[in-house]
Number of protein chains: 2
Amino acid sequence: MAKKIARNQSVAIPEQTESVTLIDVARVAGVAPMTVSRALHRPELVRSDTARKVREAVRATGYVPNMLAGGLASSKSRLVAILLPTIANSIFADTVQALMDGLTASGYQTLLGLTGYSTAREEELVEAILGRRPDGIVLAGTSHTEATIKRLTKGKIPVVEIWDLTDKPIDMVIGFSHEQVGAEVARHLIRKGYQRFGVISVDDPRGLRRCRSLINELASHGKTNVPFEVLQAPATLQGGREGLSRMITSGCPEVVVCSSDTLAQGVLAEAASRGLNVPGDVAVMGFGDLSTAAHVYPALSTVRVDGATIGKNAAAALLARFAAEADKDQVAVRMDTGFSIIDRESA
Amino acid sequence: MAKKIARNQSVAIPEQTESVTLIDVARVAGVAPMTVSRALHRPELVRSDTARKVREAVRATGYVPNMLAGGLASSKSRLVAILLPTIANSIFADTVQALMDGLTASGYQTLLGLTGYSTAREEELVEAILGRRPDGIVLAGTSHTEATIKRLTKGKIPVVEIWDLTDKPIDMVIGFSHEQVGAEVARHLIRKGYQRFGVISVDDPRGLRRCRSLINELASHGKTNVPFEVLQAPATLQGGREGLSRMITSGCPEVVVCSSDTLAQGVLAEAASRGLNVPGDVAVMGFGDLSTAAHVYPALSTVRVDGATIGKNAAAALLARFAAEADKDQVAVRMDTGFSIIDRESA
DNA sequence: CTGTTAGCGCTTTCAA
DNA sequence: TTGAAAGCGCTAACAG
């Protein structure tokens, strides 16, 4: 196996591998270190030809600023942490993508942590992440351990809880009511005239709340004994298939409601493999990113709750909150969600 | 809007908000700062009752170590950066999840960067990320700008390029040949007896290479003029639908090969909505995470290339490389991939 | 096993 | 507009 070329070459030029510091740049540019720092971060404070000299020195030396040192001195890390249950097949993917795009554009870097739907794990991650002194923390959900809440509440860094609502946010919240979502869906389906329902969910807390609320609302309309299959999180296509398979043993419902789009995809696959016509034999409803789902099923129905849209819009709202960091009051921006259903009218 | 409760309360206890340092902990524990540092990071170096005193002091003070300071002093950041094209519907999701799980378990935190398939953007991100002095960098792909390569080559931090192969890796590579993948698939399908093919890809570089190689190999078996639809990255279900729609105008192929599983899902959806039987009327082939796909299509065929498996196994290999950081030779671990196809035998 | 000394590379604060 | 001094909070290296 060949030796690493570049590394060996660099050995031939002794000491040039030693990392270049701001002081080296200053020496080359013929100015004080502080002037280099200013030229780099607040160029409007130095004369333009000084700035030019510095820029050239930076290029000549191959200087890369050390943000650990900078952060330590200034207590600003330009780092935002995002904590999510999971990234695979995730209902959060779009939110995260948009959020990261915005943060990157604003010069922030993103530390990602995966909690696997465990608040204990979230606590550990928060603990560890706090050590990096992030300039902001985004948490999925509003349910956390006591320790997490305590740590985050007493700190002075902005915290945004997303994808849920609560009366006592740690700091800011952008989300919607999963209970309201479930109830809204139930009413929509009843209006459509469906009689026999089936519900499939993974055991993530928010998905379960949506589904339970749905079932309650159905019950209050006289539709009881709704089959309810719960699968292990995270949502997979296979989960959707299995859910439908199990459910179908006790007769096929007219409409199957899923806790997420991924599950709904799986139900579609299973239906196809059983020769069931969608929506002729069974209608299927998902939950998640409308911007994707709406395109996939051209004739789908959409159920709306509240005022904006999950995904990009929510992320935009979130960024706006970060921008208005000065405002230290509690804030709750409501986030809307979309549902996709392949139902009778879209046949 | 209510004032933030906790923040106001903490105002009542002046100065306690000022961040606790290691020196404070040392004072409370009645030891030297260095001893606190040791007790925290290398407890085996201090007497157990000293460690206990320190632990109590940490709890009493609510101390959170400042990793910026620690990193600066030790030049170890316990940070690993991962750069990917995208996170949404991503073929990388599983790799990333497994990788992060492993890294987190080993005490590393993960900085995520999204390049959107742009090497220029990758370059900017690398530049910025290097400022954080990560202990390792993972890059998707082996195609980078000159500047990126230069920066990464001369640095002393481990770099792992994944999901592709190359003769001149920056440091380490874990991947497979996309050309070989394409050719292998072509031969597999020809062995199966298919005559009329269709190919749908998004315009991501690796997907295109797989598809082009497939088409070349088909040509060398006398199958020319294979319909080839290219859609804009990233892959979406809608893209798959559109791809099949366009393709079908010039007659339905016996088998449609897609550059990713997401696209294949879309093709399935479109086929269903057109009343096409899969695999009776048209077989569909995806590419990506076998562990998911294999479960979804129980009777699928599998095509293998090389030796391991994309996803969790690849991530494990990757972590092993990090662990063996001492070995500074070039390394190329080959990574195998799986294909899923719903074809005639699985009818 | 524990403590002391001297920075890590940058920015804040003040002075020029 | 620029510079000098004094740390930020921690750990390496050595001494005890």
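Labels below follow one simple rule: chain letters A, B, ... track the order of the sequence lines, proteins then strands, and each chain is numbered from 1. Below, all heavy atoms of this structure are taken into account, side chains as well, without hydrogens, waters or symmetry copies.
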If you take any heavy atom closer than 4.0 Å to DNA chain D, which residues from residues 62-78 of chain A end up in contact? A/L72, A/A73
Which of A/E122, A/E127, A/R121 passes side-chain contact (heavy atoms from CB on, under 4.5 Å) with A/E124? Answer is A/R121
B/R42 CZ to D/dT11 C1': how many Å, rounded? 12 Å
Strictly distance-based, threshold 3.5 Å: is any side-chain N or O of A/S74 a donor or acceptor partner for the main-chain N or O of A/G70? yes
Respond yes when some side-chain nitrogen or oxygen of B/S37 is under 4.0 Å from OP1 or OP2 of D/dC10, and no when none is. no
Give a yes or no on whether a salt bridge exists between B/E56 and B/R52, defined as a side-chain N under 4.0 angstrom from a carboxylate O. yes
Interface polar pairs with nucleotides 2-5 of chain C, N/O, under 3.5 angstrom:
{"unit_1": "C/dT2", "atom_1": "OP1", "unit_2": "B/T50", "atom_2": "OG1", "d": "2.4"}
{"unit_1": "C/dT2", "atom_1": "OP2", "unit_2": "B/R47", "atom_2": "N", "d": "2.9"}
{"unit_1": "C/dG3", "atom_1": "OP2", "unit_2": "B/A32", "atom_2": "N", "d": "3.0"}
{"unit_1": "C/dG3", "atom_1": "OP2", "unit_2": "B/T35", "atom_2": "OG1", "d": "2.6"}
{"unit_1": "C/dG3", "atom_1": "N7", "unit_2": "B/R38", "atom_2": "NH1", "d": "3.4"}
{"unit_1": "C/dG3", "atom_1": "O6", "unit_2": "B/R38", "atom_2": "NH2", "d": "2.4"}

Nearest-angstrom distance from the residue atom CG of A/L40 to C1' of C/dC10: 11 Å
Other residues, nucleotides and ligands only: do more than 12 of their heavy atoms fall within 6.0 Å of CD on B/E146? no
Hey, are the side chains of A/Y108 and A/L79 touching, using non-hydrogen atoms and a 4.5 Å cut-off? no
Figure out the CD1/C1' separation between B/I23 and D/dC10, and round it to whole Å. 9 Å
In whole angstrom, give the distance that lies between atom CG of B/D24 and atom C1' of D/dC10. 13 Å
Checking side-chain contact (heavy atoms from CB on, under 4.5 Å) between A/L125 and each of A/T115, A/L112, A/L114, A/T148, which is the one that passes? A/T115
In whole angstrom, give the distance that lies between atom CG of A/L22 and atom P of C/dC8. 13 Å
Looking only at side-chain N and O atoms, does B/T145 offer a donor or acceptor that is under 3.5 Å from a partner on B/E123? yes
Between P of C/dC10 and CZ of B/R132, the distance in whole Å: 14 Å
Strictly by modelled atom types, are A/Q97 and B/T86 linked by a side-chain donor-acceptor pair under 3.5 Å? yes
